Amino acid sequence: DPATLASQPPLFKIKYEDIGGLEDEVLRVRELVELPLKYPALFARLKIEPPKGVLLYGPPGSGKTLIARAVASEVKAHFIHVNGPEIIHKFYGESEAKLREIFEEAHRRAPSVIFLDEIDAIAPRRIDVSGEVEKRVVAQLLASMDGLVSRGEVVVIGATNLPEAVDPALRRPGRFDREIPVNVPTRTGRLRILQIHSRGMPLADDVDLEALAEITHGFVGADLEALCKEAGMLAIRDCFAELDATDAASTESLAEGTSIRAEHFAE
Ligand code: ATP
């Protein structure tokens with residue numbers, strides 16, 4: 001069913017405060033995407049052509065999907081999440097038709113955000129691909145972008161780790177004419193992300209998030225989220241190790257006494 005491929009209703013609302021660091025990135029996306037979606041008439045009156053497409057690029061797990069979902073939630077736009085490799089491989093031979101359907105759906109349900117994750121798989125540089133099918137998919141995407149006459153009510157956000165692998169025709173004015181790097185977070189960004197993902201966790205006093213932010217240079221948001229989850233799992237493991245020894249605690253007292261300690265973050 002094409003509808004279930006593309007439109008996954010957001011599981012929960014993503015808010016801007018769920019995004020750690022990335023203030024500049026979020027600000028730019030809000031200006032370029034949120035304002036036109038919210039105030040199309042204003043842009044029309046001032047004769048400002050909002051971008052049809054914005055390309056987010058940066059390492060995996062740095063928050064590109066998160067930003068796209070937050071913008072869509074904010075304006076209550078219909079969000080269509082398209083996974084690049086999936087649309088190519090799972091729907092081999094039907095990829096162009098799928099793309100057309102996705103753009104039609106976006107129109108019907110506007111305001112809409114079409115999020116094309118791993119867009120390099122949908123639109124690789126045509127000089128690098130030999131297959132006719134692959135070339136036709138790129139051409140279809142270009143045609144769909146050119147066909148957008150929505151004045152901001154439909155915006156395409158592309159995401160890639162490899163901007164150089166995307167067909168240059170896509171990066172021209174009127175298509176993805178804005179590119180926003182989504183970089184690995186700074187120390188302050190890492191601290192924010194750790195705070196976000198440990199929100200509500202029972203952290204012992206010896207857990208020093210500032211110190212963790214200091215030593216996690218190079219970690220992206222997804223890595224920091226995994227670090228918090230892993231620490232929680234280690235705390236649970238310790239807790240069960242103790243339980244085996246005493247075999248006495250009730251579930252409630254077990255839960256009450258358990259906290260996540262610095263050592264759980266260290267492993
Ligand atoms: P990919 O290129 O692999 O699609 P991505 O850049 O789209 O990666 P996301 O899917 O947005 O990355 O991030 C994965 C998960 O990591 C998010 O669901 C979120 O929980 C966490 N995460 C990433 N970046 C951040 C951030 N800046 N603040 C808070 N959480 C983050």
Side-chain angles (χ1 to χ4, degrees), residues 5-30 32-34 53-74 77 79-90 113-124 155-166 170 176 178-201 203 209-210 212-214 216-233 260 265:
L5 151 79
S7 22
Q8 296 145 348
L11 296 176
F12 52 89
K13 201 170 140 57
I14 302 265
K15 299 197 258 359
Y16 291 119
E17 65 248 40
D18 299 324
I19 307 176
L22 308 179
E23 284 84 4
D24 295 343
E25 289 87 342
V26 169
L27 200 68
R28 287 203 60 201
V29 176
R30 291 187 72 170
L32 292 169
V33 180
E34 185 185 319
V54 174
L55 188 67
L56 305 179
Y57 65 93
S62 55
K64 299 182 290 297
T65 310
L66 212 55
I67 294 178
R69 288 187 57 187
V71 174
S73 301
E74 181 64 29
F79 187 72
I80 309 182
H81 188 149
V82 183
N83 179 269
E86 185 175 283
I87 205 157
I88 297 300
H89 300 298
K90 198 164 151 198
V113 171
I114 302 176
F115 181 64
L116 302 180
D117 202 3
E118 298 186 55
I119 191 172
D120 46 283
I122 307 176
V155 179
V156 188
I157 301 182
T160 181
N161 315 319
L162 303 162
E164 298 315 319
V166 175
L170 217 68
F176 289 89
R178 303 303 173 96
E179 304 190 356
I180 304 175
V182 179
N183 293 314
V184 294
T186 59
R187 191 186 57 77
T188 329
R190 293 196 296 274
L191 176 60
R192 263 311 286 146
I193 297 170
L194 285 167
Q195 285 165 343
I196 289 167
H197 287 287
S198 64
R199 222 162 27 191
M201 284 180 162
L203 298 182
L209 294 183
E210 301 241 4
L212 281 170
E214 188 70 49
T216 43
H217 184 87
F219 280 46
V220 291
D223 300 328
L224 296 163
E225 179 185 19
L227 183 69
C228 292
K229 286 199 171 138
E230 191 58 23
M233 283 312 296
I260 306 178
F265 281 95

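Small disclaimer: the values here were computed from a predicted structure and weren't measured. Indexing begins at 1, ligand by ligand and atom by atom, following the structure's order.
Of the inter-residue distances, the one linking Ile196 atom CD1 with Lys15 atom NZ reads 10.5 Å to the nearest 0.5 angstrom. Remark: Leu203 CG to Phe265 CZ distance equals 5.5 Å, nearest 0.5 Å. If you take CD1 on Ile157 and OG1 on Thr65, they are separated by 10.0 Å, rounding to the nearest 0.5 Å.
Listed by number with element, the atoms of ligand 1 under 4.0 angstrom from any heavy atom of Ser62 are 5 (P), 6 (O), 12 (O), 24 (N). Interface of His197 with ligand 1, defined as ligand atoms under 4.0 Å from a residue heavy atom, comprises 20 (O), 21 (C), 29 (C), 30 (N), 31 (C). Against a heavy-atom cut-off of under 4.0 Å, Asn161 is close to the following atoms of ligand 1: 2 (O). Close contacts of ligand 1 with Ile193, meaning ligand atoms under 4.0 Å from a residue heavy atom, involve 26 (C), 27 (N), 28 (N), 29 (C). Residue Lys64 has at least one heavy-atom neighbour below 4.0 Å for each of these atoms of ligand 1: 2 (O), 5 (P), 6 (O), 7 (O), 8 (O), 11 (O), 12 (O). Using a 4.0 Å cut-off to heavy atoms of Asp117, the atoms of ligand 1 that qualify are 4 (O).
Residue Gly20 has at least one nitrogen or oxygen atom sitting less than 3.5 Å from a nitrogen or oxygen atom of ligand 1, judged on distance alone. Ligand 1 has no N or O atom lying under 3.5 Å from any N or O atom of Leu22, backbone or side chain. The N/O atoms of Leu66, backbone and side chain alike, include one that comes under 3.5 Å of an N/O atom in ligand 1.
Residue contacts with ligand 1, taken as heavy atom pairs separated by less than 4.0 Å, do not involve Val182 at all. The part of Glu225 lying near ligand 1 is the side chain, judged by heavy-atom distances below 4.0 Å.
Within 6.0 Å of CE in Met233 there are 12 or fewer heavy atoms belonging to other residues, nucleotides or ligands.
Between the side chain of Arg192 and the backbone N or O of Gly20 there is no donor-acceptor pair closer than 3.5 Å. Side-chain atoms of Lys64 do not come within 3.5 Å of backbone N or O of Val182 as any donor-acceptor pair.
Gly61 counts as a contact of ligand 1, since one of its heavy atoms falls under 4.0 Å from the ligand. Residue-ligand proximity: Asp18 is placed with a non-hydrogen atom under 4.0 Å from ligand 1.
For the pair Val220 and Pro60, the minimum side-chain heavy-atom distance is 4.5 Å or more.
Nearest protein neighbour of atom 14 (C) of ligand 1, counting heavy atoms only, is Ala222 CB, 4.0 Å.
If you check each of Ile19, Ile196, Thr65 against atom 7 (O) of ligand 1, the one with the closest non-hydrogen atom is Thr65.
Classified by interplanar angle (parallel below 30°, tilted 30° to 60°, perpendicular above 60°), the ring pair Phe79/Phe115 is parallel.
Salt bridge absent: Arg190 and Asp223 never bring a charged side-chain N and a carboxylate O closer than 4.0 Å.
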As a quick check of understanding, evaluate side-chain contact (heavy atoms from CB on, under 4.5 Å) for Ile67 and Leu22, giving each step before the final call. CA-CA 9 Å; Ile67 294 178; Leu22 308 179; 4.1 Å; yes

